[in-house]
Enquirer: 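Got a structure here, written out as structure tokens. Questions coming.
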Amino acid sequence: MPVCAKAKPKTSTTTSNTALDINNNPSSDTQDGAISLPKIDQISFSGNTIILSQILQKAIPLKKNDIANQYVIMDSMVKIAQLYKEKNIRVTITPVLEKTSINSRNIQFEIHELPMNEK
């Protein structure tokens with residue numbers, strides 16, 4: 001079975017949020033006419049019971065203080081999926097962006113693990 005990775009980032013509903021623009025560049029906020037690209041403050045993982053968060057963090061290209069770029073986020077999802085595929089585990093991954101300030105975001109990769117032999 002193929003490994004699935006959902007492509008569209010979603011936003012948390014608990015705070016004021018800005019999602020990445022999937023069709024163009026990262027979302028930007030304006031302040032006094034200047035454009036600021038949001039940076040990643042924190043990266044976290046949820047739902048991962050088979051692979052430790054520290055291992056996932058080391059495997060992904062997205063790092064703290066990187067610009068919230070849709071391509072790096074997607075590449076990070078692919079790297080996570082590859083780790084699970086090596087363990088014969090199907091996985092779906094949903095990136096959730098939370099706006100923490102005008103030019104910063106937290107990202108959480110929500111992971112749903114399912115062994116290959118289950119349907």
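Everything numeric in this text was worked out from a predicted model, so none of it was measured. Along the sequence shown, residues carry numbers from 1.
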Enquirer: The test is side chain to side chain contact (heavy atoms under 4.5 Å, CB included); show your working for I73 and I107 and say whether it passes.
Expert: CA-CA 9 Å; I73 292 171; I107 186 167; 3.8 Å; yes

Enquirer: Would you compute the distance between atom OG of S76 and atom CE of M74 and round it to the nearest 0.5 angstrom?
Expert: 10.5 Å

Enquirer: So E110 and I93, do their side chains get closer than 4.5 Å, heavy atoms only?
Expert: no

Enquirer: What's the spacing between I51 CD1 and I111 CD1 if we round to 0.5 Å?
Expert: 8.0 Å

Enquirer: Do L97 and N106 have side-chain heavy atoms sitting under 4.5 Å apart?
Expert: no

Enquirer: For side chain to side chain contact (heavy atoms under 4.5 Å, CB included), just list the numbers for K79 and L83, CA-CA rounded to whole Å, side-chain angles, deciding distance to a tenth of an Å, and then say yes or no.
Expert: CA-CA 6 Å; K79 300 291 186 194; L83 288 176; over 6 Å; no

Enquirer: Any pair with a residue in residues 38-60 that passes ring-ring contact (aromatic ring centres under 6.0 Å, His included), sequence neighbours left out, goes on the list, sorted by first then second residue, please.
Expert: F45-F109

Enquirer: How many angstroms lie between CG in L114 and CZ in R90, if you round to the nearest 0.5 Å?
Expert: 4.0 Å

Enquirer: For residues 56-68, please give each side-chain donor-acceptor pair under 3.5 Å, one per line with the distance, not counting sequence neighbours.
Expert:
from: K63; atom 1: NZ; to: Q57; atom 2: O; distance (Å): 3.1
from: K63; atom 1: NZ; to: I60; atom 2: O; distance (Å): 2.8
from: D66; atom 1: OD2; to: K63; atom 2: N; distance (Å): 2.8

Enquirer: Quick test of your reading: applying side chain to side chain donor-acceptor pair (under 3.5 Å), list the pairs with at least one residue in residues 40-51, sequence neighbours left out, ordered by first then second residue.
Expert: D41-T100, D41-S104, S46-Q108, N48-S53, T49-E113

Enquirer: Measure the OG1-CE distance between T92 and M77 for me, rounded to the nearest 0.5 Å.
Expert: 9.0 Å

